[in-house]
Amino acid sequence: MKTAILYASVHHGNTKKVAEAMAEALSAELFDLTKQGDVDISGYDLIGLASGIFYANMHKAVRKFAEETEFRPGQKVFLVCTCGMDSKDFTKKVRKTLEDKQVEVLDSFRCRGFDTFGPLVLIGGIAKGRPNAEDLERAREYARNLASTAH
Ligand SMILES: Cc1cc2nc3c(=O)[nH]c(=O)nc-3n(C[C@H](O)[C@H](O)[C@H](O)COP(=O)(O)O)c2cc1C
């Protein structure tokens, strides 16, 4: 299954670590959406969209890609996020954007990511050291499961 993971990781590179772990497990190709917004996904069967969370939503590069890209029937998408506070599923809005376009979206993955947004910097940030080795192992496991179930 030919897989691409498109990510935006602008705060501390947290999501990039997760995306790299998944890409290795899936032999996927990685694209940085903040550098290349117009990735041609026509040749891929499985597409991961990944980012940190900003004001309870995925990064604008991911939102834009989800809104503007035409997915072909049969392509499947999975969503990945890292967030300071793991309080809810912040991928919901992007999921809805895709599902409204009849795109099949698989279960998403999330974990905490080091966060020094605003006043949090005064306390040295939250979720220090995240994603950690355990998060990255969980990411690999999630990716391996995707590879075996997303046919
Ligand atoms: C401007 C800004 C807004 C953020 N908003 C949220 C938020 O609403 N909820 C949350 O859990 N984390 C929030 N965060 C924390 C990031 O989602 C978290 O640090 C994430 O791991 C960053 O990923 P990255 O390093 O890959 O960009 C915010 C961070 C910044 C800088």
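We count residues from 1, following the sequence as given. If you're wondering where the values come from, they're calculated on a predicted model, not measured in any experiment. Atoms within each ligand, like the ligands themselves, are counted from 1 in listed order.
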Output the list of atoms in ligand 1 that are nearer than 4.0 Å to some heavy atom of Ser9, sorted by atom number.
-> 24 (P), 25 (O), 26 (O), 27 (O)
For Ser51 and ligand 1, does the shortest N/O to N/O distance drop below 3.5 Å?
-> no
Met85 heavy atoms, cut-off 4.0 Å: which ligand 1 atoms fall inside?
-> 10 (C), 11 (O)
Look only at interatomic distance and state if Phe117 has a nitrogen or oxygen under 3.5 Å from any nitrogen or oxygen of ligand 1.
-> no
Record the part of Phe114 in heavy-atom contact with ligand 1 below 4.0 Å; permitted values are side chain, backbone, both and neither.
-> backbone
Sub-4.0 Å heavy-atom contact, Tyr7 with ligand 1 = no
Report the C-alpha distance between Glu20 and Lys17 in whole Å, list the side-chain angles of each, state the deciding distance to 0.1 Å, and finish with yes or no for salt bridge (charged side-chain N to carboxylate O under 4.0 Å, His left out).
-> CA-CA 5 Å; Glu20 284 174 346; Lys17 290 180 195 160; over 6 Å; no
Which of the atoms in ligand 1, numbered in the order shown and given with their element, are less than 4.0 Å from a heavy-atom of Cys83?
-> 10 (C), 11 (O), 17 (O), 21 (O)
List every atom of ligand 1 that sits less than 4.0 Å from any heavy atom of Gly113, numbering the atoms from 1 in the order shown and giving each element.
-> 18 (C), 19 (O), 21 (O)
Looking only at heavy atoms, the pair that brings Ala4 and Phe31 closest together is CB-CE1, 3.9 Å
No-hydrogen, no-angle side-chain donor-acceptor test under 3.5 Å, Ser51 and Thr15 | no
At a 4.0 Å threshold, what atoms of ligand 1 neighbour a non-hydrogen atom of Ala56?
-> 7 (C), 8 (O)
Residue Lys64 excluded, over 12 heavy atoms near NZ under 6.0 Å = no
Between Phe109 and the options Phe90, Tyr142, Phe78, the ring-ring contact (aromatic ring centres under 6.0 Å, His included) test singles out Tyr142
Below 4.0 angstrom from a heavy atom of Gly13, which ligand 1 atoms are there? Numbered from 1 as shown, please.
-> 25 (O)
Note: ligand 1 atoms sitting under 4.0 Å from heavy atoms of His12 are 24 (P), 25 (O)
